[in-house]
Protein chains: 2
Amino acid sequence: MQGKKPRTASSELEFVAGNGLLNRRALLGSSIALAGAAATGIGATSVAAEPVKDGPWSLAPGAVTPELQAPSRFEKDVVRALSNPTGVPRTQHARTPHQMLNGTITPNSLHFTILHTGIPDIDPAQHRLVIHGLVRQPLEFTLDKLARYPMVTRNHFVECGGNSGPLFNKEPVQGTLQQLHGLCSSAEWTGVLLSTLLEEAGVDPQAKWIITEGADSSALTRSTPLKKALDDAMIALYQNGERLMPGNGYPMRLLLPGWEGNMNTKFLRRIKLVDQPAMTYYEARNYSPLLPDGKAYKFYFINEVKSFISFPSFGYRLEEAGYYEISGIAFSGTGRIAKVMVSADGGKSWAEAALQAPVHPKAFTRFRMPWRWNGQPVVLQSRAWDEAGNAQPLRADFVAVRGETKESVPRNPFPNNHYNSLTSWGIDGKGEIKHVYA
Amino acid sequence: MQGKKPRTASSELEFVAGNGLLNRRALLGSSIALAGAAATGIGATSVAAEPVKDGPWSLAPGAVTPELQAPSRFEKDVVRALSNPTGVPRTQHARTPHQMLNGTITPNSLHFTILHTGIPDIDPAQHRLVIHGLVRQPLEFTLDKLARYPMVTRNHFVECGGNSGPLFNKEPVQGTLQQLHGLCSSAEWTGVLLSTLLEEAGVDPQAKWIITEGADSSALTRSTPLKKALDDAMIALYQNGERLMPGNGYPMRLLLPGWEGNMNTKFLRRIKLVDQPAMTYYEARNYSPLLPDGKAYKFYFINEVKSFISFPSFGYRLEEAGYYEISGIAFSGTGRIAKVMVSADGGKSWAEAALQAPVHPKAFTRFRMPWRWNGQPVVLQSRAWDEAGNAQPLRADFVAVRGETKESVPRNPFPNNHYNSLTSWGIDGKGEIKHVYA
């Protein structure tokens with residue numbers, strides 16, 4: 001049967017936008033998908049009848065099972081990128097390698113972290129959480145006591161306000177998704193809703209804000225409106241099924257779904273109810289940068305709707321023309337992703353991507369788009385909408401309001417925050433991929 | 001305000017079944033929950049106004065951020081239990097510690113594994129998958145080619161047919177959930193539907209089964225009806241976002257959602273389409289045990305509906321009377337969990353637990369039940385139903401059909417397979433927890 005002509009000609013493919021975007025029904029595993037695959041030739045090789053060959057790993061017993069399993073040595077490059085690998089006394093960033101992941105969950109080993117004074121080695125038996133201030137009854141919780149309260153499990157992303165900072169640069173920074181957008185991750189979190197604890201403490205009607213403080217040596221402190229605290233804020237104890245990672249706030253952290261990562265106080269030891277914000281360093285200076293019009297942000301909390309394509313992306317090379325699946329991540333601090341549009345011609349035409357169900361609110365949503373690359377230059381982009389109708393702004397519109405920097409390698413990599421415009425990948429005729437603005 | 005009498009008396013709690021089970025609306029974070037908490041006294045301590053104390057970790061910089069983060073040293077006991085830690089030449093089991101986890105995902109480091117000849121060290125660049133036999137066009141796939149096909153992301157459990165084997169014992173084995181039920185786990189898997197590849201290969205109408213073979217040195221081989229292969233079978237490439245763990249089948253495995261773990265061929269290198277099953281060791285002998293009536297199982301593939309309570313469970317001790325959240329896991333190879341009932345009086349009365357949404361088909365579903373323990377002896381049980389109407393059988397009914405063994409420590413720990421009756425925890429007046437039959 002080998003060598004038989006594929007039964008479906010590529011002319012039967014249903015193109016829905018420029019440069020080879022295919023109808024997303026091609027993802028359903030129907031014959032349409034096969035048309036895409038067979039006709040464009042991913043190139044699964046035709047073989048003889050009994051072709052299986054033993055590798056050396058098939059010829060001798062393998063390794064002993066460990067208590068905690070870890071990735072294959074062939075995945076050694078799938079690690080977080082560190083900004084400060086020797087731990088000199090300044091902030092340490094660890095970025096998630098989105099370009100090498102798939103699905104919607106960030107594994108705990110690869111969840112991004114930012115630590116300002118290193119990772120504290122907290123004894124959970126000694127740690128306490130105190131709720132006080134404008135409450136009827138100040139309360140102190142041990143971890144064991146807290147774990148007796150009703151819990152919830154929810155998928156949510158966390159994103160640093162400075163994530164995607166390189167995209168403020170006037171010239172496109174050539175970097176992987178990890179370098180450009182690695183300061184966001186998504187996990188299944190389990191913990192106690194803060195509203196449950198505040199109700200037991202009894203909120204004084206004068207209380208309008210909470211001030212949360214971590215037990216790390218920087219005692220990182222942020223202010224959050226009480227309304228958010230009573231909405232979906234969680235004291236998270238588990239991350240993807242196990243106790244929090246040390247860098248993610250072990251043994252307990254505040255989770256403010258969809259709000260600036262820095263506010264999601266790790267190593268949480270104190271929640272004080274007050275009538276006004278504390279105006280701490282991170283809210284009065286670091287996350288209040290000047291805008292082009294000379295004004296500054298004040299309490300810009302939400303991580304607005306964003307998306308990026310993880311494959312193909314910078315660092316990959318397309319070896320040949322043919323069928324590929326474009327895939328990426330979308331998320332919004334407002335709620336669920338409603339729609340992701342993909343363009344292969346730099347925004348001239350768009351087609352709607354398939355969204356992986358179930359779509360969780362304020363969580364990574366995987367989108368997929370079938371594509372037949374004809375070997376010619378293309379520019380790939382994604383643009384997301386959330387259920388509230390918010391759209392990712394186009395770059396020109398975004399820059400007009402938010403500004404950009406001239407340095408190709410800026411001294412301050414985060415001249416601004418909360419970038420949420422598009423990411424564009426330019427692919428040339430050789431399959432080389434560059435970060436471009438389009 | 002300290003020392004004030006709790007505003008809600010325990011007499012206002014809404015009990016819905018014997019021995020303190022509360023209405024599950026108490027989990028909604030409303031004042032009902034607080035009634036449960038405050039009135040029964042979890043015992044969050046009332047404290048003075050500025051009570052936060054520094055631990056030693058608050059007084060000096062912490063540790064340097066690693067490329068791959070790992071759990072705190074205080075979680076050193078949260079590991080898989082190994083049946084063969086030195087790797088002598090026989091099967092190696094690694095069991096998931098469900099009693100220490102929460103949520104619905106099993107972290108990759110803790111996913112159960114069973115290896116018959118150790119973990120092969122497979123070079124993904126050299127690995128090939130071949131589809132041949134009764135097909136129009138035999139095909140060979142590299143990992144890179146396979147990754148270009150349309151992918152799906154789905155939450156599914158995998159369970160060994162021998163999981164829960166100790167519960168066939170005539171006397172209840174005193175063990176943790178890890179020891180009793182540790183051979184099942186649940187993850188978010190991403191990969192290519194097998195139907196997509198079979199459609200490209202072209203299925204001969206004579207084909208009725210597939211035979212799948214692994215590249216490990218035992219070349220583990222199983223037969224699966226073609227109907228399942230064309231339904232929801234997946235060639236999984238990613239597990240909770242990253243490439244498969246070596247012990248879970250790196251670089252690719254067959255996933256047969258809801259079917260006996262051993263059939264989910266790891267290190268998958270060959271799929272042969274045939275007209276009858278191969279009657280391999282694992283289907284003709286190991287998973288075809290004799291039943292009390294002298295007949296044997298033949299092709300008992302599905303993991304039937306099951307549930308167990310993870311907290312409280314063996315290994316914990318309840319320190320005091322008061323409010324607790326009963327929590328556990330339910331799953332069914334048939335589809336979604338429809339209902340979980342919980343009893344605190346050994347099955348005399350039952351109340352419906354809250355299910356964590358979204359409920360994925362053929363995946364772990366977390367259930368929760370608010371409970372006020374009065375300090376008296378109780379017997380906790382859970383019983384699950386799936387969307388097809390299947391219920392976990394009661395123990396007497398199950399044993400009548402499936403038999404039990406007399407040995408308290410049987411030489412063969414798996415005299416039978418596919419145990420899916422109830423698990424019961426007896427708690428005495430001191431809060432000590434034992435595995436009991438009830």
Side-chain angles (χ1 to χ4, degrees), chain A residues 1 27 29 34 38 42 44-45 47 51-52 57-58 61-65 67-69 72 75 79-80 87 92 94 101-103 105 107 109 117-122 130 136-141 148 150 153 188 190 193 195-196 199-200 215 238 240-242 245-247 250 270 324 356 358, chain B residues 1 27 29 34 42 44-45 47 51-52 57-58 61-65 67-69 72 75 79-80 87 92 94 101-103 105 107 109 117-122 130 136-141 148 150 153 188 190 193 195-196 199-200 215 238 240-243 245-247 250 270 324 356 358:
Chain A
M1 306 286 266
L27 298 180
L34 268 284
I42 289 180
T45 315
V47 288
V52 176
W57 47 82
S58 308
V64 178
T65 300
E67 287 188 327
L68 292 172
Q69 58 182 351
S72 160
E75 301 298 319
V79 294
R80 304 187 303 171
Q92 303 176 31
L101 304 180
N102 210 320
I105 292 282
S109 58
T117 52
I119 306 169
D121 181 34
I122 299 180
V130 168
R136 180 171 45 78
Q137 175 179 279
L139 296 173
E140 181 182 88
F141 301 88
R148 285 171 53 186
T153 296
E188 182 198 85
T190 296
L193 287 177
S195 58
T196 302
E199 199 162 351
E200 182 169 359
Y238 296 87
N240 291 336
E242 64 188 325
M245 292 290 105
Y250 181 85
R270 176 149 68 149
Y324 291 88
Q356 179 64 53
Chain B
M1 307 285 267
L27 299 180
L34 268 284
I42 290 180
T45 316
V47 287
V52 176
W57 47 81
S58 307
V64 178
T65 300
E67 287 188 327
L68 292 173
Q69 58 182 352
S72 161
E75 301 297 318
V79 295
R80 304 186 304 171
Q92 303 175 29
L101 305 180
N102 210 320
I105 293 282
S109 59
T117 53
I119 306 169
D121 180 36
I122 299 180
V130 169
R136 180 172 45 79
Q137 175 178 279
L139 295 173
E140 181 182 90
F141 302 87
R148 285 171 54 187
T153 296
E188 182 199 83
T190 296
L193 286 177
S195 58
T196 303
E199 200 163 351
E200 182 168 0
Y238 297 87
N240 291 337
E242 63 188 326
R243 291 286 187 183
M245 292 290 105
Y250 181 86
R270 176 150 69 149
Y324 290 88
Q356 179 64 54

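Chain letters run A, B, ... following the sequence lines, proteins first and then strands; every chain starts at 1.
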Between the main-chain N or O of [Y] and the side-chain N or O of [X], is there a donor-acceptor pair closer than 3.5 Å?
| X | Y | result |
| --- | --- | --- |
| B/Q69 | A/M245 | no |
| A/T65 | B/A94 | no |
| A/R270 | A/V130 | no |

Who wins among B/P61, B/G87, B/G103 for the most heavy-atom pairs under 4.5 Å with chain A? B/G103
Counting heavy-atom pairs closer than 4.5 Å to chain A, which one of B/I119, B/L68, B/L101, B/T190 comes out on top? B/I119
Does any heavy atom of chain A fall under 4.5 Å from the side chain of B/E242, the backbone, both, or neither of them? both
Over all atoms of both residues, closest heavy-atom pair of B/S72 and A/P246: N-CG, 3.5 Å
If you count heavy-atom pairs within less than 4.5 Å of chain B, which of A/T153, A/N240, A/V64, A/V79 leads? A/T153
I'd like to verify something: which residue of A/G247, A/P107, A/P120 has the highest number of heavy-atom pairs under 4.5 Å with chain B? A/P107
Without hydrogens or angle criteria, can the side chains of A/E188 and A/Y238 be said to hold a donor-acceptor pair below 3.5 Å? no
